[in-house]
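Note that the numbering runs from 1 along the sequence shown for the chain. Just so it is clear, the values below take in all heavy atoms, side chains as well, and ignore hydrogens, waters and symmetry mates. Note that this is a predicted model, so its numbers are computed, not measured.
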Amino acid sequence: MIDEIVKSINSKFLNRKLLTKENKNKLYYAVKQPDGFIKVVLPFCFENKKFLKLENYKDGIEGATQRVIETIKENVNNFPELAGYFRRRYRELYEPLTVVNCDLNFGANLWRADKYNYIEKDKIFLILRMVFDREERVKERVDEIAEEINKIIENVDINILIDEAKNIIDQKYLRSILKNLGLVSFIANGSRVAREYTEVRKHYRIAGPKKDNIPFYCPEELEPIEIKLRYRKVKGLGIKEKEIFIITGRNAQGKSTLLQAIDSGQDDHLIGDGREFIITTKSLSKASAGTMEMRGEDISLFFEKLPEGIKGEPKSVYGTASGSMTMAYQIQKAIKLKKKLVLIDEDNSAVNLLVEGLLNKKFEGVKPLSYIIRKEREKLGETGFIIVTSSLDLLTALGDRVMIIENHRAYYLNLEEFRKELSNYYKKLAEEIVDDNFNRK
């Protein structure tokens, strides 16, 4: 079918150089869908002399490319074939995308800037994925669609593309100087972290901005810093190397959303995403509870002995690991690999690995993270932590700095006052426990 379609196309924009045997059924193909529609994928090349102005901003060319793609999506009503006639199963063809240069494979089917969709000198190369309701419409419409897209590309505002390229350059630049600044992450004032999820953008790394989005501002007590980039200055919260930074607050206040945004700081974002200048080191790991099969892994930093049913010894464990053992392995591996940052969310964690308790020490021989922070901080090496918690007061008290999220806004927590308050609370609670036990006799 694809050979007949190619023969019928007269458009000068069809990139015939890519129509090789090696690329057939990869970069170009036609296939009948289960719903009876015809999906056609073809490579095109469009020219715009204004693109030559982007030569001075090559390091951010992906941003310009993605903005062109998004501009085409915004005009997709003019050619519903590019949107699969807006049928639910084809949402990936027209969903907006504000993420550029994501290392992970999330949203792989979304139309985005990549090695096949890019600007080079005065040309933009695009892979068009089209859906037709009947076969005879294919030959009629491909040439027309190419012409309509060419008009959009001819009329694109080059200044907007330059701004997008500068935006990406500044994000890359800030990420490259984090180490020199002694930081592992930076959250710019005005960042908007809340995400809008859809069927094809289910993960926070690729989800778009939510309409109701409260901007982040660093509390003055946390000493916001100002950084000069290539094309702008940004001011906000800098999270330091080796720091234990705690994000706390009540449930459903935006703590986990902020942590997800920090994780997303490994990616670059288009203007309007809201996370453009949340920038995070790529030397990052996440630790969470789960199960895994241990095949000689080392968890000796946290476990002094192994529970029954687990073979080996703490330095070489065999068997199905518990949630706390899995998390211990993840953290210890990150430290061994000298990762700059570990992200932990209480909601996904094994609490007995995070804070000290009488029973876990007595029965399990677990040495929690809170103990290591208190007594053996040097064993954390070069690794810093950002930890989200709502109820682990002891871990909060052991932080280097603490930020409270309340109603999706950031506030400062005075640790000196909090530690005194917590100490008094523990003393009073201990007295009440003893008194309650006495009264039950």
Side-chain angles (χ1 to χ4, degrees), residues 103-104 178-179 182 184-185 239-247 259 262-263 266 280-389 391-400:
D103 292 338
L104 301 180
L178 280 178
K179 182 175 177 58
V184 291
S185 187
I239 299 176
K240 304 169 186 176
E241 290 182 337
K242 301 183 183 181
E243 184 171 26
I244 309 295
F245 191 90
I246 307 293
I247 301 172
L259 191 70
I262 291 170
D263 186 21
Q266 298 176 83
T280 304
T281 176
K282 289 180 179 286
S283 178
L284 177 152
S285 290
K286 292 182 287 183
S288 60
T291 58
M292 64 174 287
E293 193 67 20
M294 293 283 191
R295 302 181 186 278
E297 278 77 14
D298 185 357
I299 58 172
S300 60
L301 177 61
F302 294 94
F303 281 77
E304 296 173 338
K305 62 180 181 179
L306 299 179
E308 292 184 11
I310 301 296
K311 298 179 181 180
E313 57 181 358
K315 285 185 174 293
S316 183
V317 182
Y318 294 86
T320 303
S322 65
S324 58
M325 293 172 70
T326 299
M327 194 169 180
Y329 164 69
Q330 292 168 345
I331 297 175
Q332 188 162 339
K333 181 181 179 182
I335 294 170
K336 182 180 179 181
L337 294 175
K338 298 183 179 180
K339 294 288 186 178
K340 290 296 183 181
L341 180 61
V342 172
L343 305 182
I344 297 176
D345 191 333
E346 177 189 339
D347 289 347
N348 306 317
S349 298
V351 173
N352 64 325
L353 194 80
L354 297 181
V355 292
E356 298 163 70
L358 177 62
L359 291 179
N360 66 9
K361 183 175 182 63
K362 183 175 181 180
F363 296 124
E364 297 183 21
V366 177
K367 189 165 53 176
L369 182 61
S370 62
Y371 177 87
I372 295 171
I373 293 172
R374 282 198 310 117
K375 299 290 189 180
E376 301 174 346
R377 181 73 178 261
E378 72 282 355
K379 291 186 177 180
L380 300 181
E382 300 297 312
T383 303
F385 291 78
I386 300 176
I387 304 172
V388 164
T389 177
S391 61
L392 303 181
D393 292 341
L394 175 58
L395 197 57
T396 298
L398 295 173
D400 297 316

Kindly say whether Pro314 contributes a backbone atom to a donor-acceptor pair with the side chain of Ser300 at under 3.5 angstrom?
no
Report yes if the side chains of Asp298 and Gln332 come closer than 4.5 Å at any heavy-atom pair, otherwise no.
yes
Short question: side chain of Asp400, backbone of Ile244 - any donor-acceptor pair under 3.5 Å?
yes
Side-chain contact, heavy-atom cut-off 4.5 Å: Leu392 with Ile387?
no
Please report the shortest heavy-atom distance between Asp345 and Leu259, naming the atom on each side.
CB-CD2, 3.9 Å
Looking only at side chains, do Thr281 and Ser283 share a donor and an acceptor under 3.5 Å apart?
no
Ignoring hydrogens, what is the shortest heavy-atom contact between Lys282 and Asp103? Give both atom names and the distance.
NZ-OD2, 2.8 Å
Without swapping roles, check the side chain of Thr280 against the backbone of Asp263 for a donor-acceptor pair under 3.5 Å.
no
At their closest point, which heavy atom of Ala289 faces which heavy atom of Ser349, and how far apart are they?
CB-C, 3.8 Å
If I compare all heavy atoms of Leu301 with all of Lys367, which pair ends up nearest, and what's the gap?
O-CE, 3.1 Å
Is there a side-chain contact between Leu395 and Glu346 in this structure, where contact means two heavy atoms from C-beta onward sitting under 4.5 Å apart?
no
Contact check, side chains of Phe303 and Ser324, non-hydrogen atoms, under 4.5 Å:
yes
Without swapping roles, check the side chain of Glu241 against the backbone of Glu382 for a donor-acceptor pair under 3.5 Å.
no
Tell me the closest heavy-atom pair linking Leu178 and Val184, and the distance in Å.
CD1-O, 3.8 Å
Ignoring hydrogens, what is the shortest heavy-atom contact between Ser370 and Leu394? Give both atom names and the distance.
OG-CD2, 4.0 Å
Under 3.5 Å, side chain of Gln330 to main-chain N/O of Ala328, donor-acceptor pair present?
no
